[in-house]
Student: 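Sharing a structure below in structure tokens format, with a few things to ask.
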Amino acid sequence: MVGLARPDDAGVYRLTDELALVQTVDFFTPIVDDPYTFGQVAVANALSDVYAMGGCPLTAMNIVGFPKDKLDLSVLGDILRGGQDKLREAEVALVGGHSIADPELKFGVSVTGVVHPDQLWTNLGARAGDRVVLTKPLGTGIVNTALKAKQASAEAVTASIDTMRALNRDAAEIAREFDPHACTDVTGFGLVGHAVEMLDASGLCLRIDTEALPRLPEVDRYSNQGLMPGGLHRNRDFYKERIRVEQGVAQEMLDLVFDPQTSGGLLIAVAPQDAETMVARMNTRGVSAAIIGEIIDTPDPILIELARKGT
Ligand code: CO
Ligand code: CO
Ligand code: CO
């Protein structure tokens, strides 16, 4: 049902009229110093692609590359414990895995889940008038860059880690009740890159209210100091033709929308009459969701409009 034909979060394969498999895999090199936290973040990040399809993850398998000559095996134990604890929280069974000796540490999981074929959320399907909701604050790439430069405050680092290791499960569960038209999650290509994947070939445009973007503490200050990851600049170069920027949009917001996210939030297009109720329900459950814009019909090929206020 979903394969390589166009970008989406996971592969989906129909088994019966009532059941489809959802499969994804994700692994990376450490994005935090603490091994246990790294394990948690890697698993939350991989599971997110199943939630983004409207699926329910069931099983997972570890993928490990470990430099056993450089690091103590207890480091690997802590990573796996963090991953396992996160899987337990998500009620996903760890059923296997594979490890190799590798000069550079890597960890992640492959995940298998299920979805009803009629209740699958793909990246496509947003309609003019839809509101677009983002369920986690932006800025993990910027905070991480500030951390490496020893400029990040403890508050910003804690907030960034907490958001990266948070499951997108609650957000997806609540979204389900409002029948989203399209959904993806925001990761390495940043908000703009993943929004472009939702809009491509649709003839529609997302008008983002930059003032409404949820963001981590102090990201404005860090980006003003030039503390931005290389990926942010690469995303900007790659997507700049697809956006139009209105007057009055703050420079920090122009940086933030390109910031590559690790384990970012869901980006959900939902009918306008449902958006506020959905966001309120998410906020009550501790999900920092916000309405960030609206899908509009435009005659030109621009996919994203950045405005100071929505409409
Ligand atoms: Co994804
Ligand atoms: Co992914
Ligand atoms: Co998707």
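Each ligand, and each atom within it, is numbered from 1 in the order the structure gives. Side chains included, hydrogens not; waters and symmetry mates left out as well; all remaining heavy atoms used.
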Student: Measuring to the Co ion (ligand 1), does Asp8 have an N/O/S atom at a distance below 2.8 Å?
Tutor: no
Student: Which N/O/S atom belongs to Asp185 and is the closest one to the Co ion (ligand 1)?
Tutor: OD1
Student: Please evaluate residues Arg81 and Asp78 with respect to the criterion salt bridge (Lys or Arg N to Asp or Glu O under 4.0 Å), reporting the C-alpha separation (whole Å), side-chain torsions for both, the decisive distance (0.1 Å), and the verdict.
Tutor: CA-CA 5 Å; Arg81 204 162 43 81; Asp78 289 343; 3.3 Å; yes
Student: Only to 10 degrees, please: what angle do the OD1 atom of Asp9 and the OD1 atom of Asp49 make about the Co ion (ligand 1)?
Tutor: 100°
Student: Taking atom types as modelled and ignoring hydrogens, do the side chains of Tyr36 and Asp85 form a donor-acceptor contact shorter than 3.5 angstrom?
Tutor: yes
Student: Taking side chain to side chain donor-acceptor pair (under 3.5 Å) as the criterion, tell me which of Ser223, Ser160, Ser153 meets it with Glu218.
Tutor: Ser153
Student: Salt-bridged, Asp200 to Arg242, with N to O below 4.0 Å?
Tutor: yes
